[in-house]
Amino acid sequence: MKTKHSIEKPGWDLVAKYLAHETSAAEQEAVETWVAQSEQNRRELQEAKILLEKTDYFYKLKRFSSKSAWEKTQQRIRTEVGVILPQEKQRKLFISTFYKYAAILVLAFLVGVAGYYFGIRNQQNGIYSEIISAEKQVVNQYILPDGTVVALNSNSKLQFPKKFEYGVREVTISGEAFFDVVPDPGKPFIINAGNAQVKVLGTSFNVNAYPENETVEVVVETGKVQVVCSEKLNTQETAEILLNPGEKGILLNSPGKLEKTKNTDANYLAWKTHNLVFENTPLNEVVWQLNKTYHSDIQIKGEYIENLVLTAQFEKKPVDFILNVIQLTFGLHLEQENDMYILSENETLNK
Amino acid sequence: MNRQEEQILFEKIKTGDEKAFEALFRHYYPHLCLYATRILKNDSTAEEIVQDLFVRLWEKRKKTEIETSVKHYLFRAVKNQCLNYIKHNKIKKDYSQKFLAETESAALNDNFETHTELFQKMEESIAELPEKRQEIFRLNRQEGLKYREIAEKLNISIKTVETQMGLAMKTLREKLRDFLVIF
């Protein structure tokens with residue numbers, strides 16, 4: 001028989017139930033009456049409560065995976081060390097590929113290299129970096145602090161923080177660039193390009209935002225990309241579009257208008273890959289594409305030649321190889337003056 | 001890892017030994033993240049802060065001198081980073097100065113560093129529980145299932161869940177009581 005002053009200690013099942021907020025009103029009262037009875041009882045319950053709190057922490061601990069976090073961190077510590085060297089290598093490679101004919105240009109380019117990689121201070125968040133590509137220079141691969149790989153077409157500028165702040169990865173591009181974004185759902189990747197804002201969670205795509213173009217074009221290679229018009233528009237226009245692989249989003253800077261189309265340009269990435277596809281393409285368009293891809297100066301003489309159509313594929317071929325193929329295919333005359341190539345009718349044959 | 005082992009590890013790290021660095025990382029990463037969530041209440045920010053800390057530690061490894069223990073150094077660095085983060089970021093407006101002060105003192109007072117040992121012991125103790133009891137306890141504490149939901153899921157009575165939970169707590173309490181200091 002219980003006396004008035006000594007209520008029995010509740011069993012562990014009841015204590016557990018109480019701490020898990022599963023008790024009925026009567027059970028709750030029983031526990032609380034027992035607790036109120038002495039300091040000793042209060043402590044015992046407190047101790048049980050702490051035990052449960054610690055087990056909860058223990059289970060929470062399991063949410064943090066050392067393995068995947070290490071892989072990320074390892075990549076970062078290796079990138080920090082390695083980032084300058086591959087860049088140097090690439091620049092040299094580039095020089096040997098494109099400037100072996102033009103000593104003066106090489107010099108000009110080297111002067112450019114000195115100022116190529118510099119940081120500017122930003123009052124708010126510390127230090128930003130910029131990579132700038134010169135007139136005829138392509139940066140084939142640059143690794144951002146999060147591991148995202150960027151290729152920069154000529155005459156372009158990419159601005160990014162030396163370290164991405166928490167919650168978001170934001171960069172600004174002027175010109176054309178290809179991004180292969182490292183997936184990180186907790187940290188969207190945002191590219192400011194003119195009046196467009198391109199948002200992604202992990203994917204690869206091309207952004208063409210040369211200021212003189214009046215448009216910003218985004219072509220998606222893999223994944224999904226959201227393009228948002230960052231300028232206030234009149235409300236009737238679409239303010240954002242979602243792009244899937246193979247689709248192209250175009251933002252007309254003025255008036256701010258967003259459009260979505262299928263990408264029909266098979267060579268949109270040729271500036272980076274040097275892979276070219278021509279399908280019944282008139283020669284004047286072929287030449288335009290070659291000049292854009294190789295920063296070459298090729299001219300064609302004669303209406304007859306302009307209207308020839310070419311069907312061919314080239315994978316990573318130098319421009320003189322492609323010109324030779326064209327010359328042989330159509331029996332043309334090819335001459336080179338300094339940096340200029342001229343394609344013309346083969347007069348000896350026609351005479 | 002005891003203090004001396006850590007010291008040796010850190011000397012190796014200073015010479016650029018990435019394997020040693022990985023060992024330190026793997027040992028402390030979850031603990032430091034959990035500690036950071038205590039201050040920040042946000043898992044992904046906590047993980048970023050801890051990863052950043054390790055990247056910086058690697059960059060500055062040659063210049064870093066640790067006066068106390070490596071463990072203490074890491075926990076203190078995480079705490080400072082978290083408090084800095086709160087002070088300098090947008091969540092500032094959500095946190096009153098009073099809350100910040102409370103968080104700071106809670107972070108200081110709670111001797112989280114000893115938790116690494118507690119959790120090791122807890123891992124063993126939980127693993128020693130009968131399988132069914134372990135499962136019931138986990139479903140309640142980790143997944144937050146109600147007794148009724150556990151009973152339905154495992155096709156047992158609520159009474160059984162109550163009994164098993166009680167037995168689990170009793171055992172853990174006995175094995176871990178040295179760590180459960182109340183002040």
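Just so it is clear: chains get the letters A, B, ... in the order the sequence lines come, proteins before strands, and each one is counted from 1.
- Atom CD of A:Glu39 has more than 12 heavy atoms from other residues, nucleotides or ligands within 6.0 Å.
- The residue among A:Val15, A:Asp13, A:Leu51 with the most heavy atom pairs within less than 4.5 Å of chain B is A:Leu51.
- At least one side-chain heavy atom of B:Leu118 sits under 4.5 Å from a side-chain heavy atom of A:Lys54.
- Tested against A:Phe64, the residues B:Val50, B:Thr37, B:Leu32 include a single side chain to side chain contact (heavy atoms under 4.5 Å, CB included) partner, B:Thr37.
- In this structure the side chain of B:Thr171 never reaches within 4.5 angstrom of the side chain of A:Trp12, judged on heavy atoms.
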Show, in sequence, the C-alpha distance, side-chain angles and deciding distance for A:Phe164 and B:Glu48, and conclude whether the side chain to side chain contact (heavy atoms under 4.5 Å, CB included) test is met.
CA-CA 10 Å; A:Phe164 287 117; B:Glu48 276 175 38; over 6 Å; no

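- B:Gln142 CD to A:Thr55 OG1: the interatomic distance, rounded to the nearest 0.5 Å, is 10.5 Å.
- Atom NZ of B:Lys175 has more than 12 heavy atoms from other residues, nucleotides or ligands within 6.0 Å.
- To the nearest 0.5 Å, the span separating OG1 on A:Thr73 from CZ on B:Arg26 amounts to 10.5 Å.
- The line from CD1 of A:Ile77 to CG of B:Leu57 is 10.0 Å long, rounded to the nearest 0.5 Å.
- The NZ atom of A:Lys67 sits 10.0 Å away from atom CD of B:Glu22, with the distance rounded to the nearest 0.5 Å.
- Here the closest heavy-atom approach between residue A:Leu61 and residue B:Pro30 is recorded as CD1-O, 3.3 Å.
- Comparing B:Phe137, B:Tyr29, B:Phe25 by heavy-atom pairs within less than 4.5 Å of chain A, the highest count is held by B:Phe25.
- Contact annotation: the side chain of A:Trp70 approaches that of B:Phe21 to within less than 4.5 Å [non-hydrogen atoms, C-beta and beyond].
- Annotation: B:Lys14, atom NZ; neighbour count of heavy atoms from other residues, nucleotides and ligands within 6.0 Å is above 12.
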Salt bridge (Lys or Arg N to Asp or Glu O under 4.0 Å) assessment of A:Glu22 paired with B:Arg148:
CA-CA 9 Å; A:Glu22 294 267 358; B:Arg148 184 181 47 77; over 6 Å; no

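- For B:Ile158, no part lies near chain A; criterion is any non-hydrogen pair under 4.5 Å.
- Salt bridge annotation for A:Arg76-B:Asp52: present, with a cationic side-chain nitrogen under 4.0 angstrom from a carboxylate oxygen.
- When each of B:Met165, B:Met122, B:Glu143, B:Lys146 is checked for heavy-atom pairs under 4.5 Å with chain A, B:Met122 comes out on top.
- Looking at B:Glu123, the atoms closer than 4.5 Å to chain A (heavy atoms on both sides) sit in the backbone and in the side chain alike.
- A salt bridge is defined here as a Lys NZ or Arg NE, NH1 or NH2 lying under 4.0 Å from an Asp or Glu carboxylate O, and B:Glu47 with A:Lys72 fails to meet this definition.
- With contacts defined as side-chain heavy-atom distances shorter than 4.5 Å, the pair B:Asp43/A:Lys60 does not qualify.
- Within a 6.0 Å radius of CD in A:Glu53, other residues, nucleotides and ligands contribute more than 12 heavy atoms.
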Check step by step if side-chain hydrogen bond (donor to acceptor under 3.5 Å, both in side chains) holds for B:Glu18 and A:Gln74.
CA-CA 9 Å; B:Glu18 201 187 284; A:Gln74 188 182 39; 2.6 Å; yes

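- In this structure, the portions of B:Leu172 lying under 4.5 Å from any heavy atom of chain A include both its backbone and its side chain.
- What you find for B:Arg141 and A:Leu52 is that their closest heavy atoms are NH1-CD1, 3.5 Å.
- Here the NZ-CG distance, from A:Lys17 to B:Asn140, works out to 12.5 Å after rounding to the nearest 0.5 Å.
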